[in-house]
Protein chains: 2
Amino acid sequence: MTDVNTPDLMQIFDTIEYPEAYRITYLANAIVFPAYADIKKDFGLVRAEYILLACLSHFDVLTAQEVARISRRPRNTISRAVHRMLDEGYLDRAPDPHDGRQARLRITSSGRKLHDKISGYLSRRQDEVLGNLNADERQSLTHLLKKAALHAANLDN
Amino acid sequence: MTDVNTPDLMQIFDTIEYPEAYRITYLANAIVFPAYADIKKDFGLVRAEYILLACLSHFDVLTAQEVARISRRPRNTISRAVHRMLDEGYLDRAPDPHDGRQARLRITSSGRKLHDKISGYLSRRQDEVLGNLNADERQSLTHLLKKAALHAANLDN
DNA sequence: TTTTTATTGTTCCATTTGGAACAACATGCG
DNA sequence: CGCATGTTGTTCCAAATGGAACAATAAAAA
């Protein structure tokens, strides 16, 4: 079945002045919003909170600042998320002995368990949204996205 | 110059359970947040407002509902944006003679002028973020994004 | 026709959001 | 050392956000 669509509202994909930016944000919204809504409904987590979990399930120890950099979100948003996740027992925090300003964050096993459930929501939605790409296309997209993302990570110091 | 980066916080691009979703949202953030901040600072526009302008600069006439669908944003957000842009003179609104519920929105010439300035912010930032892709890669990315975006547009009716 | 169901745009309200200022600590420079 | 500058995490506050309910209109069903 081909993609014949919504009247033709989607001609804008071709005429917009910033076509890649538009499609990338469109896809991001298409993936994240529905997954995000489900996660909020099922677990009561706000976006910054599961982002925090995701970061900490991939690095043993992080500071709040590092999480902010990885996720491109403001520090105060992360700070709030840290507090809520500490209260819920999904995180551990210990002052850094070498730097009195920062604290070392770790995920707890219950936090990791929660993350595993949540990441299912996102990867399922991801596969739905990218479902019409064949294996080659999917791989090629992944490669290009990674190259661009690494470059983007280095852009703003 | 190669992309050697932020300590190695970016290993997460490889280990995350939903790699494409993560990179797509990461790139979306990398493009949109800085551009968005500048647009807000320079023109006082909120995101929903320039999205509205962008939609109306690509379609002669739209209803608020159609804008919401194109942009994947809630109706009330668009409704508010419509009011502010009407007040500023960037939009015209006329009741639809065939359907008393909806109103036909059009961009004014001053709105179009504003959009032209704004779209520069976004396309510049887009080119910065995608700056390390060569012409072939860029074209390939564009093609894949478009295919996926069209599919996504048909997913949730 | 009348009744039910769906759609559009809006308002209400609680929550989320992010900029700005802040205190605590660290680092660089005289 | 003493002073300026930078960084981390936090709080404050105003603004943006989105779900839910609503009135008005339209379409579908009975």
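These numbers come from a predicted model, not from an experiment. By convention in this document, chain letters (A, B, ...) are assigned in the order of the sequence lines, proteins followed by strands, and residues within each chain are numbered from 1.
- Linking Ile, Leu, Val, Met, Phe, Trp and Tyr whenever their side-chain heavy atoms come within less than 4.5 Å leaves A:Val46 and A:Leu52 in two separate clusters.
- Near DNA chain C, defined here as any heavy-atom distance below 4.0 Å, the residues from residues 36-53 of chain A are A:Tyr36, A:Val46, listed numerically.
- The side-chain contact (heavy atoms from CB on, under 4.5 Å) search around B:Phe43 returns B:Ile39, B:Leu45, B:Leu114, B:Lys117, B:Ile118, B:Tyr121, not counting sequence neighbours.
- Using cut-offs of 30° and 60° for the angle between ring planes, the A:His115 and B:Tyr18 rings count as tilted.
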*Which letters describe nucleotides 23-28 of chain C, given B = protein heavy atom under 4.0 Å from base, S = only from sugar-phosphate, - = neither?*
-BBS--
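- Side-chain N or O atoms of A:Arg75 include none that pairs as donor or acceptor with a backbone N or O of A:Gln65 at under 3.5 Å.
- A:Asp136 pairs by the salt bridge (Lys or Arg N to Asp or Glu O under 4.0 Å) definition with nothing, not counting sequence neighbours.
- Between chain A and DNA chain D, the heavy-atom contact criterion of under 4.0 Å yields a 5' to 3' nucleotide range of D:dG6 to D:dC12.
- Scanning residues 75-91 of chain B for heavy-atom distances under 4.0 Å to DNA chain C yields B:Arg75, B:Asn76, B:Ser79, B:Arg80, B:His83.
- With A:Arg125 contributing its side chain and A:Val32 its backbone, the two residues share no donor-acceptor pair below 3.5 Å.
- Across residues 54-67 of chain A, A:Thr63, A:Ala64, A:Gln65 each have a non-hydrogen atom less than 4.0 Å from an atom of DNA chain D (numbered order).
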_Working note: B:Arg47 + B:Thr77, criterion side chain to side chain contact (heavy atoms under 4.5 Å, CB included); need CA distance, chi angles, decisive distance, verdict._
CA-CA 10 Å; B:Arg47 199 192 296 208; B:Thr77 303; over 6 Å; no
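- By the salt bridge (Lys or Arg N to Asp or Glu O under 4.0 Å) test, B:Glu20 pairs with A:Arg138, sequence neighbours left out.
- Put simply, the side chain of B:Phe33 reaches to within 4.5 Å of the side chain of A:Arg73, judged on heavy atoms.
- Between B:Arg69 and B:Glu66 there is no salt bridge, since no side-chain nitrogen of the basic residue lies less than 4.0 Å from a carboxylate oxygen of the acidic one.
- Within a 6.0 Å sphere centred on CD of B:Gln139, heavy atoms belonging to other residues, nucleotides or ligands number 12 at most.
- Checking side-chain atoms of B:Ser71 against main-chain N and O of B:Val67 turns up a donor-acceptor pair under 3.5 Å.
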Which pairs of donor and acceptor atoms, one on a side chain in residues 83-98 of chain B, lie under 3.5 Å apart (sequence neighbours left out)?
from: B:Arg84; atom 1: NE; to: B:Glu49; atom 2: OE2; distance (Å): 3.1
from: B:Arg84; atom 1: NH1; to: B:Glu49; atom 2: OE2; distance (Å): 3.1
from: B:Asp96; atom 1: OD1; to: B:His98; atom 2: N; distance (Å): 2.7
from: B:Asp96; atom 1: OD1; to: B:Asp99; atom 2: N; distance (Å): 3.4

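- Not counting sequence neighbours, the partners of A:Glu137 by the salt bridge (Lys or Arg N to Asp or Glu O under 4.0 Å) test are B:Lys147.
- Rounded to 10°, the helix from C:dT1-D:dA30 to C:dG30-D:dC1 has 20° between the axis fitted to its first five pairs and the one fitted to its last five.
- Applying the salt bridge (charged side-chain N to carboxylate O under 4.0 Å, His left out) test to every pair with at least one member in residues 33-43 of chain B, sequence neighbours left out, gives no pairs at all.
- Here the OG1 atom belonging to A:Thr15 is positioned 5.0 Å from the NE2 atom belonging to B:His58, to the nearest 0.5 angstrom.
- B:Leu155 and A:Leu130 fall within a single hydrophobic cluster, where Ile, Leu, Val, Met, Phe, Trp and Tyr are joined by side-chain heavy atoms under 4.5 Å apart, directly or via other members.
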